[in-house]
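To start, the structure itself, in structure tokens.
Because the structure is a prediction, the values reported are computed rather than measured. In what follows, chains are A, B, ... by sequence order, proteins preceding strands, each numbered from 1.
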Amino acid sequence: MTTLRVLTVDDSRTILAMLHHTLSNAGFEVLQAEDGQQGLNVLMKESVDVVITDINMPVMDGIEFIRHVRATGNHQSLPILILTTETSQDKRDQGKAAGGTGWIVKPFDPEKLISVIHRVVH
Amino acid sequence: MEALNLRDDSGENSAIAAHNSMQLIAFSIGEQTYGVEITTVREIRAWNGATPLPNTREFVRGVINLRGTIVPIFDLRARFGDGPTSPTKNHVVVVMSVGEKWVGILVDAVSDILTVSREDIHNVPEGNSVDTELLNGIVTHDSRMVGLIDLHAVVSGAKLDG
Amino acid sequence: MSDLDDFKATYFDECSELLNELEEQFAAIEAGERDSDRLNAVFRAIHSIKGGAGAFGFSALVGFAHAYETLLDYVRDGRVELTDDVCALCIRANDIIADHVKAAQSGDVLAADYGMEEKERFDALARGESADDDDETGGEIIEEFDIDFTPVMVNLEAPAEDDAAPAEDAFDTAPLQPESGHWEVIFTPHRALYERANDPLLLFRELAALGQMHTRAVLGEIPPLANFEPFAVYCSWEISIVSPTLTEAAIREVFEFVEGDCDITVTQVGASAAPASAKSAPAAAADAGLDLLALADDEVGVAPAKSAAKSSAKAASAASAQDKFEEAPGLSFSELAETMAPPPKPAAPPRAKPTALAAAAPAADGEEHAGRAVGVQSIRVDLDKVDRVVNMVGELVITQSMLTQQMDETLRARYTELVRGLEVLAQTTRGLQDSVMAIRAQPVKSVFSRMPRLVRELATKTGKKIKLETIGENTEIDKTVIEQLSDPLTHMIRNSADHGIEQPEVRLGRGKSETGTIRLSAEQAGGNILIIVEDDGGGINRERVLQVARDKGVIPPDTNPTDEQIDQLIFAPGFSTAAEVSDLSGRGVGMDVVLSNIKKIGGSVHVRSSTGKGTRMTLRLPLTLAVLDVMLVKVGDSPYVVPLSSIVETIQVSRASFERVPSGGQVLQVRGEYVQVIDLAKRFDMKGQTDPESRFVVLCEAEGSQKVALIVDDIIGQQQVVIKSLEENFERVEGIAGGTILGDGNVALIVDVQGLKTQLIHKNAA
């Protein structure tokens, strides 16, 4: 089985570092971006199997990012997980409406994170 | 962290012939032979002087420049209480790592690389307090007694009042 | 250091950046710039602080940040008006957040009710403004948090398990029925499910992990190919799962992400209720004749299902797919999927490390967005790596100057090309040095931004009205200098607020405005950075300073210092003019700490005061610390260096006038001052014959303008050296500030003037 590549998009270095740790320990290859715009730039050059993105980010927020990804020809079936501390339903709904596949609630539990990823990626 | 351990061990793996044996760098001070595990040795240099450090004990010979870093030199003879060495160009500094730090030990000569079995290492006999303080153990090799240097002990208590 | 500690270190770094950002944003907001970009940046900063805090289980911080964030959200969307009061409350909240972060970092526990008052005000504001809101009340949002958002201490050390079933214990609450365990699920995905990149196959895989699963595809809806619409969804599935412990909640959990994007019924087979599975006919699968999709067992069966599912979603990208459908009747579903599959993805370009990748992907249209450095590409580099370069460049500079010194007149005359080459080398080396130093340089902003809060606190505690102005905060200075700057600046600003600025009524009485101003500025002047703390307060009370200095024996009773010298006395060790030790500047340590810290980094402090008008304190700092200008001397036979910044003058011993003091020691008399003498050869116990006549006095200035005369055996010259640590491989040595490597490769020790002077005082006291 080939290594799965995950693009993580978050403006918090702490969260990026923790994601990187958890995901690379679980055998994923991890790419990072600090906002939606950077995330799009990465996706232009790299192919990934799943995207995990924060909602609240500078430059380009997560919702906008997801919309852009979905609007791009070859990314319609790219699973996108929304990573958010929001407990209120409306952020998730917004994310889903934009084309988000699922969500992960921060703070995340490593096992749960991995199982959620496997729920959306082969 | 398994990955880290592996990295730490890698040097040892190449140096150790068998699982329960170890390689020593043996060096002499007068008639005595001492050894340190080869994996701790970073470099062996001829004595080329050292800048004396004030306010330190007699066995602190001073500091040298090792490729841009300042490394202290300990006079092993003086450390064992036999007075300071009068070094010549033929004397040798063995640079070793002790934990994070690099230190040099001034000895008369480096004599050999020995492979000894860990099982042959004995405790230091009670009696000589300097030996018990500064040696980890002793091992006999070709009917020579080799004292295994406890580097941490050797470099401690270097300051005058400390 | 464990991973967790690493993450925490990252987190606290990030917090301090975010807190600085908050200060900056609110400085602008206070100044009237209330645009949404700023509010968004504030919101994000608090949000990020909260996010990380949650991960580490800093629940007090999470609680407060959440309440604050909720308020900010309301402010952002206009439900709460950003009045001056609300703004002040936010600034206070930032301080509380900073305290929470600090407490989390140091492991301290803040009082349980710390920030409660503010938190209640957030609630009240949120409630007040949203009372007529139809959906929810702000109060509830904040309450809800306590139930919903329980910070979880994440165990990062635990290895991630494989994709096992979701933890059963999470669903303990669902009723568990005896003999239960057989469930029927009818799952009809909508188009939206595929559009969001969900995949039935993966859902089935997850379901299969819950128990023994059997899947049937319901294909009755599939139209003849001529009418087949590529984006439409025709497939649904009937699934039965058997597991003794299975609950409905566990099944629904699997479909969590696709809720609303599919129809789903979950029924327990053999439960008291009539089996709902009768709703649809399992036999439909057989009727359809496409048993390819009838999943006899989940291992074999899922593959075609995957293709089918994928095909619907991916068809969008294959424009010609529809034609192929119509031309190819009779193709099996999976073959169809093949034809519709997009061309293979091009091979991924060489993979860069994640950080490099992110760095190489800058925001293309960054200039449109405020709040971030625009258009500047940056990489994060370990300071260690930079320092290594700085060190090597330092040595290059020294080697280059050594080479130049070696060129005597004969050589110069003979090898003109070599001389030219050396000149070019000198130029390039200097350029290289400047560039490398610029890497270490940082704007003083990071220190300045801590000061507004300090001034606010000082104003509150003293009951004075104080305004802080900052100028030149983008001035750059070496990172190490910046780190050393925080304490001195804090002391200086405290001093200004405490002793400089008058009470409002006093100010009014003096015809000044009620609000005092402290101006903090930074500017570059040649090879130095000047940091100036200036206030428009009462100025230094010289009479009182002189009185105290005499009482405390800081200066001999019979001397008559000039005004300037009196002003400078406030930096003398142990000096404090406050009649009562104030809570703020007092405690015996004060301005002398400023001087010692600044001296330590090779700087100086100067104070000018004008009675009734104010005080100006100027810090003069070197641009960099790595390279030090020194005087190379000999003590015995050993080379030592004395930092030029601490040298006042040098005098030949034969010309100096020494006097014996009753205790037997020696003092040097220089311009009417008596200065203590330290013979370095004696102090350092250095051997070496020296002709007493050829020795030198190096007159140095230590802390608080205290002088000390060092006797050395020879003066060799001035040069630049790179400071090396002795502690890296050894330990701190008294009287020695570090080492350096000379051009000939030998080590010279750096004399710790301040340390020697302090030792002297202790010796005398003993």
Side-chain angles (χ1 to χ4, degrees), chain B residues 1-5 8 40-43 45-75 79 84 86 93-106 151-162, chain C residues 1-3 6 156-157 159 387-396 398-399 634-641 678 680-688 722-736 738-752 755-756 759:
Chain B
M1 297 249 67
E2 217 163 278
L4 280 180
N5 286 338
D8 285 347
T40 64
V41 175
R42 299 284 158 244
E43 191 166 332
R45 309 161 60 91
W47 170 257
N48 192 23
T51 302
L53 269 182
N55 299 324
T56 52
R57 299 267 296 274
E58 184 189 44
F59 61 82
V60 181
R61 203 66 208 207
V63 286
I64 62 163
N65 159 27
L66 188 77
R67 287 184 301 279
T69 352
I70 294 181
V71 173
I73 305 296
F74 294 82
D75 183 340
R79 188 68 182 93
S86 307
V93 171
V94 183
V95 180
M96 288 173 267
S97 52
V98 184
E100 301 270 287
K101 301 188 170 182
W102 283 30
V103 300
I105 304 278
L106 173 64
L151 283 174
H152 285 279
V154 165
V155 303
S156 63
K159 284 214 261 187
L160 264 187
D161 301 324
Chain C
M1 191 188 249
S2 74
D3 296 316
D6 270 346
L156 287 151
E157 311 294 342
D387 283 348
R388 244 174 285 156
V389 178
V390 169
N391 274 334
M392 281 189 287
V393 170
E395 300 197 4
L396 188 61
I398 289 160
T399 314
K634 271 208 159 159
V635 178
D637 289 331
S638 300
Y640 277 77
V641 300
I678 300 173
L680 285 183
K682 266 188 208 155
R683 169 59 62 86
F684 291 160
D685 196 19
M686 288 292 149
K687 293 172 291 258
V722 179
I723 303 170
K724 303 276 182 182
S725 153
L726 277 186
E727 281 123 283
E728 187 183 338
N729 289 315
F730 192 59
E731 50 196 303
R732 209 178 142 62
V733 176
E734 271 178 9
I736 305 297
T740 184
I741 291 157
L742 300 176
D744 61 5
N746 284 325
V747 177
L749 300 173
I750 302 171
V751 177
D752 179 6
L756 284 170
Q759 248 180 307

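The most heavy-atom pairs under 4.5 Å with chain C, out of B:Asn48, B:Val155, B:Val63, come from B:Val63. Considering only heavy-atom pairs separated by less than 4.5 Å from chain B, the leading option among C:Ile736, C:Val733, C:Ile741, C:Leu749 is C:Ile741.
C:Asn729 CG to B:Leu66 CG: the interatomic distance, rounded to the nearest 0.5 Å, is 8.5 Å. Here the CD1 atom belonging to B:Ile105 is positioned 10.0 Å from the CZ atom belonging to B:Phe59, to the nearest 0.5 angstrom.
Contact of B:Val103 with chain C is made through the side chain alone, with heavy-atom distances under 4.5 Å. Both the backbone and the side chain of B:Ile70 come within contact range of chain C, each with at least one heavy atom under 4.5 Å from a heavy atom of that chain. For a residue to count as touching a neighbouring chain, one of its non-hydrogen atoms must lie under 4.5 Å from one of that chain's; by this rule B:Thr69 touches chain C with backbone and side chain alike. Of the atoms belonging to B:Val60, it is side-chain heavy atoms, and not backbone ones, that fall under 4.5 Å from chain C.
Ring geometry for C:Phe684 versus C:Tyr640: interplanar angle under 30°, hence parallel rather than tilted (30 to 60°).
For C:Lys724, the NZ atom counts as densely surrounded, since its 6.0 Å shell holds more than 12 non-hydrogen atoms of other residues, nucleotides or ligands.
Proximity of B:Met96 to B:Val154: side-chain heavy atoms (C-beta onward) are nowhere separated by under 4.5 Å.
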